[in-house]
Amino acid sequence: MFVDFIIVLVKAGLVIFALLNLAGLLTWAERKQSAVMQDRVGPNRANIGKLTLGGLLHPVADGIKMITKEDFIPEGANRTLHTLAPAAALFPALVVFAVIPFGDTLVLFGRAIQLQVAQLNVGIMYIFAVSSLAVYGTMLAGWASNNNYSLLGGLRASSQMISYELSIGLSILGIVLIYETAMLDEIVRQQGELLWGFIPKWGIILQPFAFILFLGAALAENKRVPFDMPEGESEIIGYFVEYSSMKFGMFFLAEFVEIIIVSGLVTTLFFGGWQVPYLHATGEVVGFVWPFGLGAWHLPQWLVALIQVGAFAIKVLIGCWILLVVRWTLPRFRYDQIMHLGWKVWFELALINLLITAVVVLLVT
Amino acid sequence: MEALLFWIFSIIGVTCGGMVIWNRNPMGSAIYLVVTMLCLSGLYALLNGAFVAVLQVLIYAGAVMVLMLFVIMMLSMRPEGAPREGSMPVWIAAGVIGLIVVLRIGALFDFGRPPDAVDEFGTIQGVGALLFNTYVLPFELISVLLLIAVIGAVILSKRDAQ
């Protein structure tokens with residue numbers, strides 16, 4: 001009992017640690033990558049003596065700057081809600097990762113440890129529920145600042161987020177229909193099976209259309225280019241215009257944590273999670289079993305678990321990289337275009353995809 | 001552990017429920033109502049109703065209350081300034097009578113000890129099987145009722161535009 005409690009604490013601590021650090025690193029990656037894509041040098045000035053580490057010290061400098069800056073609350077603003085809003089924005093982003101499995105079972109000292117913080121029967125529903133709370137951060141920030149521009153920004157942000165939530169839910173339902181479970185670890189486990197003996201049964205192969213719908217809707221939910229109307233870093237004033245110091249930092253951090261969440265969800269639902277094709281952690285052979293009867297490689301259990309966690313990490317990082325490329329490639333939508341796309345295109349396509357999936361599943365089984 | 005969580009959720013839930021009424025700022029009331037919803041969801045989770053708990057957050061906290069906040073933001077309601085009517089003794093008397101009524105009504109129903117949760121109780125599979133087998137007719141009737149309400153709202157709002 002006590003040991004189980006400690007194990008859960010360690011897993012939760014590890015996930016939070018990885019999320020926050022990766023989010024910090026992503027701020028650097030975004031600047032450096034945009035610089036490379038636009039043929040610039042990018043951040044290279046923050047240094048300790050002669051040491052610049054290719055701009056890697058910029059996130060550290062940013063953190064120090066944000067914590068030491070003046071924390072300003074505008075006159076007439078609601079102090080409680082103004083302070084609560086950044087926490088309400090960051091909290092859902094941090095707790096969503098609890099149900100995402102980052103590895104298969106690890107056997108350590110004769111104890112099987114599930115590499116997932118919370119194994120919930122309602123896994124996917126939990127993700128919907130928690131991410132539907134993210135809208136409070138933006139709404140409260142817009143309202144509590146006592147500033148009409150932030151209020152408009154907050155309204156725009158929240159209407160965009162609730163519009164695309166529908167498409168996100170509908171696009172994932174196809175996955176639930178195919179794997180017949182809402183538990184994320186079970187979905188990942190089933191993606192290790194093979195189609196016709198050699199193609200891994202990943203979500204993107206069975207539901208390619210849902211992948212595109214999910215990615216698009218998740219980008220809109222994340223409020224980044226091409227859906228960055230609510231923030232409009234370059235010219236429009238967004239919902240956090242009245243925020244300074246680490247409170248602004250928390251909105252900023254939440255955005256980058258959300259990139260990792262989107263990438264983690266895409267990996268889990270569509271790219272096999274921690275699965276490496278042909279690699280088995282349990283069963284007759286622990287290790288690689290090659291298709292077409294090409295034999296098998298036996299590997300120790302801990303090495304298999306390590307490879308799988310590594311595979312998950314690499315997939316998530318590639319996902320983050322793709323999201324950054326999208327952000328620095330596409331121009332921005334107009335607001336009415338975002339709403340039109342969300343309600344009259346994305347929503348219908350998600351419904352059609354769900355209908356076709358349901359019919360196919362019914363015919364096959 | 002369960003008892004501890006139950007008391008935490010109940011105390012926070014009831015306190016915030018009271019604050020919904022006593023708070024003078026509509027925005028504050030709405031936020032307290034959200035916290036009450038979250039506490040209710042925690043109580044459902046303690047009762048093995050994981051699916052209901054998640055739906056509570058998803059629908060009430062994530063959708064219904066968001067719409068209420070939208071209305072409050074759009075109307076830019078200010079904290080109410082007028083003093084409340086009634087004196088302190090009246091309020092206390094009303095509270096006592098209300099409490100007695102609630103307790104008496106509660107005593108009318110003897111729920112007994114709830115049955116132990118069976119394997120699929122409260123999971124998506126369990127709730128789904130109940131909704132689409134045993135209770136499929138009421139479920140579909142409620143869906144039609146909601147659809148009628150939605151269509152009615154659209155027609156009412158479109159009538160002015162013509």
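Quick note on labels: first sequence line is chain A, next is B, and so on, each numbered from 1. Note that these values count all heavy atoms, side chains included, but never hydrogens, waters or copies made by symmetry. This one's a predicted model, so the numbers in the text were calculated from it and none came from an experiment.
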Between A:F72 and A:Y243, ring centroids under 6.0 Å: no
Member of A:T357, A:L362, A:L363, A:V364 meeting the side-chain contact (heavy atoms from CB on, under 4.5 Å) criterion with A:V360: A:V364
Heavy-atom check, side chain of A:W346 versus side chain of A:L213, under 4.5 Å: yes
Atom group of B:I31 that falls short of 4.5 Å from chain A, counting heavy atoms: side chain
Toward chain B: residues of residues 157-170 of chain A with heavy atoms under 4.5 Å: A:S158, A:S159, A:I162
Test item: A:L206 and A:Q191 side chains (from C-beta on) under 4.5 Å apart, heavy atoms: no
Heavy-atom check, side chain of A:T83 versus side chain of A:I73, under 4.5 Å: yes
Contact check, side chains of A:V117 and A:I100, non-hydrogen atoms, under 4.5 Å: no
pair A:Q207-A:Y179: side-chain heavy atoms closer than 4.5 Å: no
pair A:I175-A:F270: side-chain heavy atoms closer than 4.5 Å: yes
Close side-chain approach of A:I187 to A:I124, heavy-atom, < 4.5 Å: yes
Interface residues of residues 129-138 of chain A facing chain B - non-hydrogen atoms under 4.5 Å apart: A:A129, A:S132, A:L133, A:V135, A:Y136
Note, A:T181 side chain near A:Q190 side chain (heavy atom, < 4.5 Å): yes
Residue part contacting chain A, namely of B:Q125, when any heavy atom lies under 4.5 Å: side chain
